[in-house]
Novice: 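Below: one structure in structure tokens.
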2 protein chains.
Amino acid sequence: MNTPSTPTPVNPMQQLANQLCFPLYAASRMLTKAYQPYLQELELTYPQYLVLLLLWEHEELTVKALGEQLILDSGTLTPLLKRMEQKQWLSRRRDPTDERMVLIRLLPAGRDLQARACHIPKQLLKKLALTSTEFDALRGQLQHILTQLA
Amino acid sequence: MNTPSTPTPVNPMQQLANQLCFPLYAASRMLTKAYQPYLQELELTYPQYLVLLLLWEHEELTVKALGEQLILDSGTLTPLLKRMEQKQWLSRRRDPTDERMVLIRLLPAGRDLQARACHIPKQLLKKLALTSTEFDALRGQLQHILTQLA
DNA sequence: CAAGGTTTAATTGTGCACAATTAAATAATC
DNA sequence: GATTATTTAATTGTGCACAATTAAACCTTG
């Protein structure tokens, strides 16, 4: 009872790309939500947490360097960093030797968060419940995708 | 030359969870960007495209059903669907038999997009450059994560 | 050293994403 | 059948995410 004038196309959601891209999109959002209970205690969002991860390593970074590491532009970072500045977690100042650049420096209150956040990765790993093998495979494939789409 | 009073913690970004969660977060955003050139031609965003994928299959769905499939709540969907309604891709009306529900129905202009979008999945697959084996493994692992975090 | 080009952030505007609240309709229970 | 509880969308408010533009500082090259 299918009229030849309206050929039923392949079930669109069953298309291979959609079977991968939607789960990736959804998993990313679920993951952010999984962090939420831990980050909320620290009044932190996931992107802000990523900024701190980098500052805990380097103490001082330019906006550009942060943007390159996180693949985020100044349109995202500038207001985010201003919010973090207001909470005294970091400072923002122009580089005196090159006024184009803005130096983001970790402040004591931001350093203090490190100890309070150090348990988070372990909690997340537990939630994910991946074997070591699965973990490595997934990381590798995500890296492949990042490389491909870079 | 390391003072014992400041024990250097494990490089935070090297923590296992961060080596997985950040790539997942980044890959998801890169993927959305990879769709952009194709979707832009159709004046469509990625979440709007996902709504259409479902409507191409079902013609009419409630907001609740869309939300369950896409893991999005009315706070996200209501304004998104209103924008799509304005473009005449779909209609929104209360279910007469249960006024709590809003029925989203595909309109002709929304149906027309199906033919214009049908090449997109193949283009994306090409960009991802995954072998069939990698593809299945990745899909399975993302599914695992979605299940774990559900 | 002046003109033109490049680099770096900030700004502007649009569109998710989601928590929390509200409000209306329906269902359940007494 | 009125009371209470549940379901469903909409609303409100905050915070990304990103394209496009702007503006200042710096660099280059003639």
Side-chain angles (χ1 to χ4, degrees), chain A residues 22 25-37 39-52 61-68 70-87 89-90 92-104 149, chain B residues 22 25-37 39-52 61-68 70-87 89 91-104 149:
Chain A
F22 171 69
Y25 159 76
S28 174
R29 287 185 295 118
M30 300 287 275
L31 201 55
T32 302
K33 274 192 232 180
Y35 272 99
Q36 236 272 348
L39 295 179
Q40 189 164 30
E41 287 182 45
L42 312 181
E43 295 181 278
L44 216 49
T45 66
Y46 184 64
Q48 288 171 13
Y49 171 68
L50 293 177
V51 167
L52 283 181
L61 286 167
T62 63
V63 172
K64 179 176 173 53
L66 283 169
E68 280 171 358
L70 302 178
I71 320 178
L72 291 171
D73 68 11
S74 66
T76 301
L77 286 175
T78 297
L80 183 155
L81 293 170
K82 282 180 178 174
R83 282 187 286 272
M84 296 181 76
E85 183 186 32
Q86 285 207 325
K87 301 201 172 186
W89 293 332
L90 50 80
R92 299 162 64 248
R93 65 180 173 92
R94 292 278 167 181
D95 184 337
T97 73
D98 185 343
E99 296 270 346
R100 287 173 304 184
M101 299 193 286
V102 167
L103 295 171
I104 305 301
L149 301 183
Chain B
F22 171 69
Y25 159 75
S28 173
R29 288 186 293 119
M30 298 289 275
L31 201 57
T32 302
K33 275 193 230 179
Y35 272 99
Q36 239 268 347
L39 295 179
Q40 190 165 28
E41 288 181 43
L42 312 181
E43 295 180 279
L44 215 51
T45 66
Y46 183 65
Q48 290 171 11
Y49 171 68
L50 293 176
V51 167
L52 284 180
L61 287 167
T62 63
V63 171
K64 180 176 170 54
L66 282 170
E68 281 172 358
L70 301 178
I71 320 176
L72 291 172
D73 68 11
S74 68
T76 301
L77 284 174
T78 296
L80 182 155
L81 294 169
K82 282 181 177 172
R83 283 187 285 272
M84 297 181 75
E85 184 187 31
Q86 286 207 324
K87 300 202 173 186
W89 293 332
S91 64
R92 299 163 63 249
R93 67 183 172 87
R94 293 277 166 184
D95 184 337
T97 72
D98 185 343
E99 296 270 347
R100 286 173 303 183
M101 299 193 285
V102 166
L103 296 171
I104 304 301
L149 301 183

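Note on naming: letters A, B, ... go to the chains in the order of the sequence lines (proteins, then strands), and numbering restarts at 1 for each one. Small disclaimer: the values here were computed from a predicted structure and weren't measured.
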Novice: Looking at B:R29 and A:I71, would you say the former's side chain and the latter's main chain have a donor-acceptor pair under 3.5 Å?
Specialist: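 At least one qualifying donor-acceptor pair exists.
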Novice: With the side chain counted from C-beta on, respond yes when B:L80 and B:M84 share a heavy-atom pair under 4.5 Å apart, and no when they do not.
Specialist: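 In short, these two side chains touch, coming nearer than 4.5 Å.
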Novice: Could you tell me the separation between the CG atom of B:L103 and the P atom of D:dT8, rounded to a whole number of Å?
Specialist: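 After rounding, the reported distance stands at 12 Å.
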Novice: Check salt bridge (charged side-chain N to carboxylate O under 4.0 Å, His left out) between B:R100 and all other residues, then give those that pass, not counting sequence neighbours.
Specialist: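 Partners of B:R100 by the salt bridge (charged side-chain N to carboxylate O under 4.0 Å, His left out) criterion, ordered by chain and then number, come out as B:D98.
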Novice: Roughly how many Å is it from CZ in B:F22 to C1' in D:dA17, rounded to a whole number?
Specialist: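 It works out to 14 Å between those atoms.
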Novice: Using a cut-off of strictly less than 4.0 Å, decide whether B:Q40 has a side-chain nitrogen or oxygen near OP1 or OP2 of D:dA19.
Specialist: no
Novice: When you compare the side chain of A:V63 with that of A:I104, does any pair of heavy atoms fall below 4.5 Å?
Specialist: yes
Novice: Scan residues 25-35 of chain B against DNA chain C and write down, sorted by residue number, each residue with any heavy atom closer than 4.0 Å; if none is found, say none.
Specialist: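 Close to the strand, none.
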Novice: What class does the angle between the rings of B:Y25 and A:Y46 fall in, given that below 30° is parallel, 30 to 60° is tilted and above 60° is perpendicular?
Specialist: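 If you compare the ring of B:Y25 with that of A:Y46, the planes turn out perpendicular.
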Novice: Can you measure B:L80 atom CG to C:dT14 atom P for me and round it to whole angstrom units?
Specialist: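 Answer to the nearest Å: 16 Å.
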Novice: Starting from C1' on C:dA9, measure out to CD1 on A:I104 and report it in whole angstrom.
Specialist: 10 Å
Novice: Let me know the distance between OH of A:Y46 and P of D:dC16, rounded to the nearest Å.
Specialist: 13 Å
Novice: Take the protein atom CG of A:L61 and the nucleotide atom P of C:dT8, then report the distance between them rounded to whole Å.
Specialist: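 It is 14 Å, rounded to the nearest whole Å.
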Novice: Between B:E85 (CD) and D:dA9 (P), how many Å, whole number?
Specialist: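 So the CD-P distance, B:E85 to D:dA9, works out to 15 Å.
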Novice: To the nearest Å, how far apart are A:L39 CG and C:dC18 P?
Specialist: 14 Å
Novice: Heavy atoms only: give me the nearest B:Q48-B:E43 pair and the separation to one decimal.
Specialist: OE1-O, 4.0 Å
Novice: Answer whether the closest heavy-atom distance between the side chains of A:E68 and A:K64 falls below 4.5 Å.
Specialist: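 They are in contact (side-chain heavy atoms under 4.5 Å apart), so the answer is yes.
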Novice: Map B:P47 and A:G75 onto DNA chain C by nearest heavy atom, then report which one ends up closer to the 5' terminus.
Specialist: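 Result of the comparison: A:G75.
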Novice: Base, sugar-phosphate, or nothing for B:T76, non-hydrogen atoms under 4.0 angstrom?
Specialist: base
Novice: Side chains of B:R92 and B:K82: closer than 4.5 Å at any heavy-atom pair?
Specialist: yes
Novice: Are A:K82 and C:dT11 close enough that a side-chain N or O sits under 4.0 Å from OP1 or OP2?
Specialist: yes
Novice: Tell me which nucleotide among D:dC18, D:dA9, C:dA9 gets nearest to the side chain of A:V63.
Specialist: C:dA9
Novice: Measure the shortest side-chain to side-chain distance between A:L66 and A:L81 over non-hydrogen atoms and say whether it is less than 4.5 angstrom.
Specialist: yes
Novice: Tell me which nucleotide among C:dC18, C:dG15, D:dC16 gets nearest to the side chain of B:T45.
Specialist: C:dG15
Novice: Using a 4.0 Å heavy-atom cut-off across all strands, classify B:L77 as base, sugar-phosphate, or nothing.
Specialist: nothing
Novice: I want to confirm an ordering. Mapping A:R83 and B:V102 to their closest nucleotides on DNA chain D, which one lands closer to the 5' end?
Specialist: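 Nearest nucleotide further toward 5': that of B:V102.
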Novice: Which listed nucleotide (D:dC18, C:dT11, D:dA10) is nearest to the side chain of A:S74?
Specialist: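 Selected nucleotide: C:dT11.
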Novice: Just the atom pairs and distances: protein N or O near nucleotides 22-29 of chain C's N or O, under 3.5 Å.
Specialist:
unit_1: C:dT26; atom_1: OP1; unit_2: B:E99; atom_2: N; d: 3.1

Novice: If we only count heavy atoms from C-beta on, is the A:D95 to A:T62 side-chain gap below 4.5 Å?
Specialist: no
Novice: Look at the side chain of B:T78 against the base of D:dA9 and say whether a donor-acceptor pair falls under 3.5 Å; ignore hydrogens and angles.
Specialist: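 Counting by modelled atom types and ignoring angles, no donor-acceptor contact under 3.5 Å is found here.
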